[in-house]
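Okay, structure first, notes after.
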Amino acid sequence: MKPASFKYIKPESLEEALEVKSEYGDEIRILAGGQSLIPAMNFRIMQPSVLLDINMLDSLSYINLDSNKLRLGAMTRLMQLENDSVVSKNSPLLEEALPYIAHPQIRNRGTVGGNISHADPAAELPVVAVAMNARFCVESICGSRWIKSKKFFKGYFETDISADEIMTEIELPLFEDRTGWAFQEIARRSGDYAMAGVAVLLTLDNDNICNNARIVFLNMGEAPMDTNKAVGLLIGEVLTEELIMEVADLASQQEIDPIGGIHATANYQRHLANILTKRALKSAYSRVQKHE
Amino acid sequence: MNEKHNIQLSINGSQYTADVEARLLLSDFIRHTLGLTGTHVGCEHGVCGACTVIMDGHAVRACLMFAVQADGLEIMTVEGLSEGPEKLNALQEAFREAHGLQCGFCTPGILMSLIPFLKNNPEPTEQEIRYALSGNLCRCTGYQHIVDAVLLYVERKNS
């Protein structure tokens, strides 16, 4: 058998799961969709002594629209999000990013909470969450707390979740009026981890002056890479071809830290980040106009 | 640690009961414990798609699940596609005619990925077929004949 031995616990309720989590702490890994955890266990990169299977917790699987927020239960499968009209109508950035996540067979099992808590800097949903200023609810036997996406991702596969906590909900604020969006990435093959990717949001006032923007990269550092200086160039301005080039240059030269690999050197990743920023900004801009 | 868990599940309409170690992968359970060797095992980390089975109507990787997680669920493997080992279903027939396989190692996973896809999308475009196949690796055909086989099946089904 490929994975090492572990003790398997399948709680029937969240309360029971939290009890177990507080008892075992760091020895435990949570088995949500398992689409990243099980490969790592098959390679024995991970050898948790206890596996807490939370697939029975149906109360953590939901998609709710609540005034100006979309609330996703942590155990909601990625395929459920993909097939839900509430998501496509209210969170088009998320909708656009979902098909880039691995393959349909993986999305049938993978969950939104698992994807985000795994905190792979090359993954799509952490970047979408940061771009949208998402918040995550984590619970322990002592109660619950909300963590802002910006503070959540601490580094490669590192998050702010404590040993006794479980993520239960993802809260995505809806877009302001006149907001355009774009998610783009470049992978060598469909479903592979991307060499570069970016999520862009752009909010314009009635004179088409940009009053809010986000540009967040995946696989460009140890966590989703947010760009403050580049976004600063956009605020208060009308988008022009020159400005877009300037923003893409600044973002790709100064605000990311790609490490490169066998499929793309760090310089090539910067080049891709530059091109994707330009494309995504143009796409987001045209979507503001189209939706009026 | 090596505690056994009792599971009961349905595979291709037959009921099975077994005591399994928690770390036993669903793919190994299907092949080794039950002897249903139609499900193939390639990479064992979710990339190649050879072990794809249908679980409660959805295509999933059998190597990315533990057998213990399939307790109470309904699974279909390639053995469940046709009425008997001598017979082919319409999709398999189209694969045979269009040369949609050479060595055949990837074929069970490809068929099990395509069944739910074609159910949800009975008239797919070539582009959609290629996207649906993107999670299954084939090192023989170059994919063209597989795409041809699906197109042949779709054409027959809709005529």
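Hydrogens, waters and symmetry mates play no part in the numbers below; they use all other heavy atoms, side chains included. The sequence lines fix the lettering, A, B, ..., with proteins before strands; numbering per chain opens at 1.
Only the side chain of A:M41 comes within less than 4.5 Å of a heavy atom in chain B; its backbone stays farther off. When heavy atoms are compared at a cutoff of 4.5 Å, B:L25 approaches chain A solely by way of its side chain, counted from C-beta outward. Within the 4.5 angstrom heavy-atom criterion, only side-chain atoms of A:R107, from C-beta onward, approach chain B. Interface residue A:A4: only backbone heavy atoms are found under 4.5 Å from chain B. No part of A:L37 comes within reach of chain B, as not one of its non-hydrogen atoms sits under 4.5 angstrom from that chain. For a residue to count as touching a neighbouring chain, one of its non-hydrogen atoms must lie under 4.5 Å from one of that chain's; by this rule B:H5 touches chain A with the side chain only.
Heavy-atom pairs under 4.5 Å with chain B peak, among A:M56, A:K10, A:K2, at A:K2. Ranked by heavy-atom pairs shorter than 4.5 Å toward chain B, the options A:P99, A:A40, A:A102 are led by A:P99. Counting heavy-atom pairs closer than 4.5 Å to chain B, the top residue among A:L31, A:L51, A:I106 is A:L31.
Between A:S5 and B:E21, the shortest heavy-atom contact is OG-OE2, 3.8 Å. Residues B:A22 and A:Y8 share a closest heavy-atom pair of CB-CB, 3.5 Å.
Between the CZ atom in B:R23 and the NZ atom in A:K7 there is a gap of 15.5 Å [rounded to 0.5 Å]. Taking OG of B:S27 as the reference point, atom CG of A:N42 lies at 7.5 Å (rounded to 0.5 Å). To the nearest 0.5 angstrom, A:Q105 atom CD is 7.5 Å from B:S134 atom OG.
Applying the 6.0 Å contact sphere to CG of A:D26 captures no more than 12 heavy atoms from other residues, nucleotides or ligands. Around CD of B:Q15, the count of heavy atoms belonging to other residues, nucleotides or ligands within 6.0 Å exceeds 12. Shown here is A:Y193, whose OH atom has no more than 12 heavy atoms of other residues, nucleotides or ligands within 6.0 Å.
Within residues 45-74 of chain B, the residues having any heavy atom closer than 4.5 Å to a heavy atom of chain A are B:H45, B:G46, B:T52, B:M55, B:H58, B:A59, B:V60, B:R61, B:C63, B:L64, B:M65, B:F66, B:V68, B:Q69, B:D71, listed by residue number.
Within the structure, no pair that satisfies the ring-ring contact (aromatic ring centres under 6.0 Å, His included) test touches residues 131-159 of chain B, not counting sequence neighbours.
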